[in-house]
Amino acid sequence: MTQNKKPITYYAKSHPKSGTIEYLESGIWWIRMPLPMALDHINLWLLEDKDSFTIIDTGVCSEESKNVWEKILKEVVKQKKVNRLIVTHCHPDHVGHAAWLTSKLNIPLYMPRTEWLYARMLALDNGPEYMEAFTELFLPTGCPEKILEEIKNFPPLFSQYAEVPPNGIIRIKEGDRITIGDRTWKVIMGYGHSPEHACLVNERDGLFISGDIVLPRITPNIGVYPDQPQAQPLAEYYETLKKFLSLPSDLKVLPSHNEPFLGLHTRIVELIEHHDNRLEKVRETCREPVTAWEITKQLFNNRTLTSHNAVFALPESLAHINELLLRGEIRKYTDNSGFCIYEKN
Ligand SMILES: [Zn+2]
């Protein structure tokens with residue numbers, strides 16, 4: 001690749017303290033919303049124009065998030081109107097409080113249709129079957145029974161952090177333009193991390209709201225989940241990253257986690273290399289016949305896998321395995337115990 005390999009730079013002097021808001025620049029406010037998980041924050045954005053605000057993403061559904069929002073509405077939004085809520089994708093840290101916020105402020109929810117459908121489906125799928133489906137997906141991977149049993153007893157991963165989103169949206173899709181004040185944002189879709197993730201770009205002012213598609217310090221989760229065991233999310237993610245290389249390299253990137261940065265193309269190339277390296281590791285592991293569990297241990301450098309990290313690690317491994325199956329580099333068969341075995345072609 002012949003991309004401009006400028007180093008990544010973080011141009012904001014500091015980030016807001018957890019649960020607070022700071023003015024970033026040119027009508028953009030930055031909220032650091034706390035999350036009750038290992039990744040302890042999400043960045044939410046308030047886009048301000050002469051007489052109103054637009055909110056981007058919500059945080060998870062919790063008393064803590066509600067308190068932060070109440071404070072921000074009182075101290076920053078004040079008398080101005082809020083015109084709309086835009087939600088980038090269906091994950092609970094982005095959509096968790098969409099129903100509460102849109103109802104409280106009497107505003108429409110702008111969201112990609114498939115993301116909204118997933119968020120509704122996953123929030124309503126709140127019985128024991130939800131986690132049972134994970135254990136069915138993981139059973140043939142060789143995951144130890146004790147871990148499977150623990151996962152089966154987890155509270156539903158989605159609905160514990162997200163309320164059911166509103167029953168209607170204004171759909172946003174590739175190429176749409178959303179005018180906020182004197183600035184027009186173009187919607188550009190990203191795939192692989194979630195079904196149909198919306199990012200927003202304004203080339204005039206050099207701004208790119210990248211959601212979870214391009215993050216500077218961590219890699220977005222690319223996983224295979226029970227809804228689609230044969231999904232090819234990594235192929236979709238590679239395609240998205242290559243598409244995003246056609247965006248100007250000097251955009252200021254506003255990601256959902258970590259800090260705003262410059263160096264979009266550098267980061268995209270790093271993300272591509274990261275997945276290339278992981279695929280190489282899977283290839284090496286498959287020189288011998290192995291299960292997905294053994295591949296996961298290799299991918300995560302033999303770190304102790306517990307039910308809490310396996311529930312995210314296994315979907316990531318399956319994404320890389322499915323990619324190599326798609327490319328015809330490995331094959332899959334079922335052994336006498338019902339485990340799926342992968343081997344180099
Ligand atoms: Zn996400």
Side-chain angles (χ1 to χ4, degrees), residues 1-3 5 114 133-144 147-148 151 189-197 212-215 218-246 265-305 309-345:
M1 259 177 228
T2 54
Q3 307 309 323
K5 264 280 196 183
T114 318
F134 276 79
T135 56
E136 277 162 33
L137 175 71
F138 295 161
L139 188 62
T141 66
C143 175
I147 292 184
L148 285 178
I151 289 175
M189 306 311 261
Y191 300 87
H193 173 69
S194 67
E196 193 193 8
H197 182 304
D212 277 353
I213 297 285
V214 183
L215 302 171
I218 53 175
T219 54
N221 179 283
I222 307 297
V224 167
Y225 291 95
D227 59 301
Q228 235 188 305
Q230 295 187 28
Q232 297 292 350
L234 195 53
E236 293 181 27
Y237 189 55
Y238 273 124
E239 204 174 303
T240 295
L241 290 177
K242 283 172 191 158
K243 177 173 87 170
F244 283 13
L245 279 174
S246 66
H265 286 198
T266 301
R267 187 55 185 153
I268 289 175
V269 171
E270 284 175 3
L271 289 166
I272 292 172
E273 286 170 356
H274 166 83
H275 288 292
D276 286 349
N277 291 338
R278 288 175 88 76
L279 286 176
E280 184 53 31
K281 220 164 186 178
V282 177
R283 261 183 219 114
E284 277 169 27
T285 312
C286 288
R287 285 207 194 115
E288 306 280 329
V290 282
T291 61
W293 182 255
E294 287 162 324
I295 292 169
T296 308
K297 284 200 286 190
Q298 286 303 313
L299 276 182
F300 290 83
N301 298 321
N302 283 313
R303 268 206 332 249
T304 309
L305 288 170
N309 54 27
V311 78
F312 298 105
L314 272 170
E316 289 228 23
S317 303
L318 291 171
H320 290 83
I321 289 168
N322 283 4
E323 176 72 17
L324 291 186
L325 285 168
L326 177 74
R327 296 186 189 186
E329 294 190 37
I330 59 172
R331 62 180 176 276
K332 169 185 174 180
Y333 54 89
T334 306
D335 74 4
N336 293 336
S337 318
F339 294 127
C340 288
I341 306 295
Y342 303 94
E343 196 174 4
K344 196 170 169 292
N345 266 337

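Just so you know, these numbers use all the heavy atoms, side chains as well, and skip hydrogens, waters and symmetry mates.
In this structure a side-chain-to-backbone donor-acceptor pair under 3.5 Å is missing from Thr135 to Leu148. The backbone N or O of Val282 sits nowhere less than 3.5 Å from a side-chain atom of Gln298 that would complete a donor-acceptor pair. Listed for the Asn345 side chain is a donor-acceptor partner under 3.5 Å among the backbone atoms of Gly328. Remark: side-chain polar atoms of Ser317 are paired, donor with acceptor, to backbone N or O of Ala313 under 3.5 angstrom.
Listed by chain and residue number, nothing satisfies the side-chain contact (heavy atoms from CB on, under 4.5 Å) test with Glu136 (two or more places apart in sequence, or in another chain). Every side-chain contact (heavy atoms from CB on, under 4.5 Å) that Ala292 has, sequence neighbours left out, goes to Thr141, Leu318, Ile321, Tyr342. Applying the salt bridge (charged side-chain N to carboxylate O under 4.0 Å, His left out) rule to Glu329 yields the partners Arg283; only residues at least two apart in sequence or on another chain are considered. Lys243 meets the salt bridge (charged side-chain N to carboxylate O under 4.0 Å, His left out) test with Glu174; sequence neighbours excluded. Taking Asn277 as the reference, nothing meets the side-chain hydrogen bond (donor to acceptor under 3.5 Å, both in side chains) condition, with sequence neighbours excluded. Applying the side-chain contact (heavy atoms from CB on, under 4.5 Å) test to Glu343 and every residue at least two apart in sequence or in another chain returns Pro289, Arg331, Tyr333. A search for side-chain hydrogen bond (donor to acceptor under 3.5 Å, both in side chains) contacts involving Asp335 returns nothing, not counting sequence neighbours. Residues forming a side-chain hydrogen bond (donor to acceptor under 3.5 Å, both in side chains) with Tyr225 (at least two apart in sequence, or on another chain): Asn221. For Glu239, the side-chain contact (heavy atoms from CB on, under 4.5 Å) test picks out no residue, with sequence neighbours left out. Listed by chain and number, the residues in a side-chain hydrogen bond (donor to acceptor under 3.5 Å, both in side chains) with Arg278 amount to none (sequence neighbours excluded).
To the nearest 0.5 Å, atoms CD (Gln228) and CG (Asn322) are separated by 10.0 Å. Annotation: the span from Leu326 atom CG to Leu234 atom CG amounts to 9.5 Å, rounded to 0.5 Å. We find the OG1-CZ distance between Thr219 and Arg267 to be 7.0 Å, quoted to the nearest 0.5 Å. In this structure, Leu314 CG and Phe134 CZ are separated by 10.5 Å, a value rounded to the nearest 0.5 Å. Atom OG1 of Thr285 sits about 12.0 Å away from atom NE2 of His320, to the nearest 0.5 Å. Between atom CD1 of residue Ile268 and atom CG of residue Leu245 there is a gap of 4.5 Å, rounded to the nearest 0.5 Å.
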side-chain contact (heavy atoms from CB on, under 4.5 Å) between Asn301 and Lys281, intermediate numbers included: CA-CA 10 Å; Asn301 298 321; Lys281 220 164 186 178; 2.6 Å; yes

Please determine whether side-chain contact (heavy atoms from CB on, under 4.5 Å) holds for the pair Val290 and Ile341, giving the CA-CA distance in whole Å, both sets of side-chain angles, and the decisive distance to 0.1 Å. CA-CA 5 Å; Val290 282; Ile341 306 295; over 6 Å; no

Phe244 vs Leu271, test: side-chain contact (heavy atoms from CB on, under 4.5 Å). Steps then yes/no. CA-CA 12 Å; Phe244 283 13; Leu271 289 166; over 6 Å; no

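Counting heavy atoms from C-beta outward, Pro220 and Ile213 have side chains that stay 4.5 Å or more apart. In this structure, the side chains of Glu316 and Leu299 stay at 4.5 Å or more apart for every pair of heavy atoms. Counting heavy atoms from C-beta outward, Trp293 and Cys340 have side chains that stay 4.5 Å or more apart.
Contact detail for Val224 and Pro229: the closest heavy-atom pair is CG1-O, 3.4 Å. Taking each heavy atom of Pro233 and Ala319 in turn, the nearest pair found is CG-CB, 3.8 Å. In this structure, Ala310 and Pro315 approach most closely via the heavy-atom pair O-CD, 3.8 Å. Annotation for Gly190 and Thr240: closest pair CA-CG2, 3.5 Å, computed over non-hydrogen atoms.
The stretch residues 229-238 participates, sequence neighbours left out, in these side-chain hydrogen bond (donor to acceptor under 3.5 Å, both in side chains) pairs: Tyr238-Asp276. Applying the salt bridge (Lys or Arg N to Asp or Glu O under 4.0 Å) test to every pair with at least one member in residues 284-302, sequence neighbours left out, gives no pairs at all.
The environment of Arg327 atom CZ is dense: over 12 non-hydrogen atoms of other residues, nucleotides or ligands sit within 6.0 angstrom.
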